[in-house]
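As structure tokens, the structure follows; a few thoughts come after it.
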Protein chains: 2
Amino acid sequence: MATRLAHLKAAHYFVVASETLSYTAAANKLSVSQAAVSQQIRLLEEYLGVSLFYRAGRKMLLTSQGKTLAEHLSVGFEKIEYGLNSVKLEPLAGNLTVYGLQSITSLWLMPKLWRFSDMHSDINVRLFSAEELPDLQSGDIDVSIYNVPILREDTENKILLTSPIVPICSRELFQRIGFNSIEDFLCCWLIQTNIPEYSWSQWGKEYGLTLAGKERLWAEVSSWYMGISAVKAGHGIFLCPEFMVQEELERGELVKPFDLPLSEPLSFYLAHSKQSPRLERINAFVKWIKQESEENIVTPYSPTKILSGSDPSQ
Amino acid sequence: MATRLAHLKAAHYFVVASETLSYTAAANKLSVSQAAVSQQIRLLEEYLGVSLFYRAGRKMLLTSQGKTLAEHLSVGFEKIEYGLNSVKLEPLAGNLTVYGLQSITSLWLMPKLWRFSDMHSDINVRLFSAEELPDLQSGDIDVSIYNVPILREDTENKILLTSPIVPICSRELFQRIGFNSIEDFLCCWLIQTNIPEYSWSQWGKEYGLTLAGKERLWAEVSSWYMGISAVKAGHGIFLCPEFMVQEELERGELVKPFDLPLSEPLSFYLAHSKQSPRLERINAFVKWIKQESEENIVTPYSPTKILSGSDPSQ
DNA sequence: ACTTATTCATTAGATAATCTTATGGCTACA
DNA sequence: TGTAGCCATAAGATTATCTAATGAATAAGT
């Protein structure tokens, strides 16, 4: 590293002035007097032995050397600013960016979020939904909810919730087909995600249903969310984490034809950087969300109730 | 740009300390007292609300946050240093990097260079030879000598020298073949660069020599320098800028079988950035080299003299 | 042409940041 | 157990930097 880096403050003032092309405006931005800016820039010019600004009437313009310098310095100071911001401790109040799969954010988190905002009106939660592995080190994401833990030295992971995966269909489909036995599944579209552990072939293996026939009706969706949307539209039976459709099950909009979950449940993991400058905010959020998930571990409705309710003759 | 960039000096000290992992060593590098470093880093830690170093016995180690910060800051300060250096005026004394094609540096410039060092013992000339277009803005090259001008707003170009291009061969080849007429060329290897203007076919066109026959012996070299090397080894006749082999012609090592130059001479251009911080040095060099080239514009030996002088019996 | 407002330059004095010196505590090592 | 090496801290000295006031130059409005 450079051991002789003189006049850093002057360089900073210069960069601000190079953006505004006005000492007065720069001085305002920097909350100092115009004279301070003028002096610092003069100092820098003397140090470099080169003039950086020249007057064009009432305006100040950069000399060609000034332009060169400003380009280099501005990227330097940006990096420095970014570095400082990425470790500078922030107070409790402020923004908090939560990342999650579409399914869990829209189906589980969003409906609960108002309660958090209620408790912490000074924390502004911003949701960010996508399907790829989150980067918790970049500073763009504070907390993530993902279906695998984010394994890194500096990342803290907690299991947020664990949910069985069961076949789900719409009430209409359920009433139309009847579903006296699991073989009745074979005359419906079988919807699944692209995760092999949670596929119909796995389910078939566990419950002795042969799905090999090529006359099967398959559909593969790229996210839980899309599968649930399909099921709601009555398009088939979906192997779905139960908690995601808890409300719909309660309302009877969606139905579990049989309460036959996959042996492997699905877990979601809460993760955040251990050294985030927003740890205080993060901890408040994590504490709250853990409570929320614990209050909802038990599925309040037995799906067979709906089943028998809608078909008492069985 | 960031308008609130506090404690830049502290950040700088921190980066130096993060490299040495010692406040004392950092203080020495920075030419300040150890206490100054200690205080600045403490200040920075307080500002960030985060500890950056921790003591491990007698050593200081970076905390994980310290590491993060140091990584970002060091690249930032490097950019700043680079920027400042690229405009900071330098005194006459110091390094000067001269770029040129292999041929011109080794055959023309290098042999003269001792005279410059003699005049300017405080300017240390470093030669850099390659074949591609030089970048005079990067700061790595101060002056270039190239066969086309470097056309840029901020670049100054001067013609350094203009030289005829003539057929050249070794004395041995000359004596062996005799060369009574230009048709005798046809029984030798014809060596040329890959520049069409300076090719044998161009020469043949100008002097009415038909070179179409497929029994021709051709060799194409990628630089003047390589062609001259080939000729010196007696491998054929080369279309060569005369000034490059002036000494060899004088000594009789190489010979011009006929003084029949191409109509288009070859020019070399001296170029440098108008806003280099090393302009003083550059000007000294340019002034000298222009003088050198003007003193040598005329070829002192008529090649036909060597021709007749070296082989009186023929 | 004459104000007037705006902008940067310059100065002197005030203020704040930063440095040094001196000292003390801790650790590693002989 | 002493000693040397390293960092922390405090007080006072020294610089660096700021502000306020003023001047000079320009552009725009009257």
Side-chain angles (χ1 to χ4, degrees), chain A residues 2-63 65-67 69-70 73 77 80 84, chain B residues 2-63 65-66 70 73 77 80 84:
Chain A
T3 130
R4 275 167 209 281
L5 232 333
H7 306 302
L8 282 169
K9 183 169 289 190
H12 179 211
Y13 284 15
F14 166 70
V15 172
V16 175
S18 77
E19 285 164 359
T20 58
L21 294 181
S22 152
Y23 287 17
T24 307
N28 289 336
K29 272 201 176 187
L30 292 161
S31 315
V32 295
S33 66
Q34 166 269 134
V37 174
S38 176
Q39 288 170 78
Q40 288 295 315
I41 292 182
R42 176 159 44 110
L43 185 70
L44 186 62
E45 288 180 328
E46 279 164 14
Y47 166 71
L48 296 172
V50 155
S51 87
L52 300 170
F53 278 105
Y54 66 94
R55 296 186 81 135
R58 176 142 94 181
K59 289 198 166 74
M60 298 298 280
L61 295 177
L62 285 167
T63 62
Q65 323 238 18
K67 275 184 206 156
L69 183 62
L73 292 190
F77 281 113
I80 288 171
L84 291 171
Chain B
T3 128
R4 275 165 210 281
L5 231 337
H7 306 302
L8 282 169
K9 183 168 286 188
H12 179 212
Y13 285 14
F14 165 70
V15 172
V16 175
S18 76
E19 285 164 0
T20 58
L21 294 181
S22 152
Y23 288 17
T24 307
N28 289 335
K29 273 201 176 188
L30 293 161
S31 313
V32 294
S33 66
Q34 166 270 133
V37 174
S38 176
Q39 286 171 72
Q40 287 296 314
I41 293 182
R42 177 159 43 108
L43 186 70
L44 186 61
E45 289 180 328
E46 279 164 14
Y47 167 71
L48 295 172
V50 155
S51 87
L52 300 170
F53 278 104
Y54 65 94
R55 297 185 80 136
R58 177 141 92 180
K59 289 197 167 73
M60 298 299 280
L61 296 178
L62 286 167
T63 62
Q65 323 237 20
L73 292 190
F77 281 114
I80 288 171
L84 291 172

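In what follows, every chain begins at residue 1, and chains take the letters A, B, ... in the order their sequences are listed. All values below come from the heavy atoms of this structure, side chains included, with hydrogens, waters and symmetry mates left out.
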[N] [atom2] sits how many Å from [X] [atom1], rounded?
X	N	atom1	atom2	value
A:H7	D:dT17	NE2	C1'	12 Å
A:N28	D:dT19	CG	C1'	14 Å
A:Q40	D:dT19	CD	P	11 Å
B:E45	D:dC7	CD	C1'	12 Å
A:L44	D:dA16	CG	P	15 Å
A:I41	D:dC18	CD1	P	12 Å
A:R55	D:dT26	CZ	P	8 Å
B:Q34	D:dT9	CD	P	11 Å

4.5 Å side-chain heavy-atom contact, B:Y13 and B:L44: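 B:Y13 vs B:L44: side chains apart.
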
Close side-chain approach of B:N28 to B:T20, heavy-atom, < 4.5 Å: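 In short, these two side chains do not touch, never coming nearer than 4.5 Å.
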
Using a 4.0 Å heavy-atom cut-off across all strands, classify [X] as base, sugar-phosphate, or nothing.
X	value
B:R42	sugar-phosphate
B:Y54	nothing
B:K59	nothing
A:S33	base
B:T24	sugar-phosphate

From B:K9 atom NZ to B:L43 atom CG, the distance as rounded to the nearest 0.5 Å: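 CG of B:L43 is found 11.5 Å from NZ of B:K9.
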
Closest nucleotide among D:dT19, D:dA8, D:dC6 to the A:V32 side chain: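 From the listed options, D:dT19 comes nearest.
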
Nearest-neighbour nucleotide for the B:A35 side chain, D:dA10, D:dA8, D:dC18 considered: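 My answer, after comparing the listed nucleotides, is D:dA10.
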
Whichever of A:R58 and A:A36 has its nearest DNA chain D nucleotide further upstream toward 5':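 Nearest-nucleotide comparison on DNA chain D picks A:A36.
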
Residue closer to the 5' end of DNA chain D, B:M60 versus A:A56 (nearest nucleotide):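 Checking each residue's closest nucleotide, the 5'-ward one belongs to B:M60.
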
Closest heavy-atom pair and its distance - A:A26, A:A17: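 Heavy atoms only, the tightest pair is CB-CA, 3.7 Å.
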
Any donor-acceptor pair under 3.5 Å from A:E45 side chain to A:L52 backbone: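 Confirmed, A:E45 side chain pairs with A:L52 backbone.
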
side-chain contact (heavy atoms from CB on, under 4.5 Å) evaluation trace for A:L84 with B:L5: CA-CA 9 Å; A:L84 291 171; B:L5 231 337; 3.7 Å; yes

Test ring pair (Phe, Tyr, Trp, His ring centres under 6.0 Å) applied to B:F53 and B:F14, step by step: CA-CA 10 Å; B:F53 278 104; B:F14 165 70; 5.7 Å; yes

Start and end of the DNA chain C segment that chain B contacts, any atom under 4.0 Å from a heavy atom: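 Using the under 4.0 Å cut-off, the span is C:dT18 to C:dA28.
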
Distance below 4.0 Å between B:S38 side-chain N/O and D:dA8 OP1 or OP2: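 Checking D:dA8 against B:S38, a side-chain N or O does come within under 4.0 Å of OP1 or OP2.
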
Under-4.0 Å side-chain N/O to phosphate OP1/OP2 contact, A:Y13 with D:dC18: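 Result: yes.
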
Aromatic ring pairing B:Y47/B:H7, orientation class (parallel under 30°, perpendicular over 60°, tilted between):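 Aromatic pair B:Y47/B:H7 classed perpendicular.
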
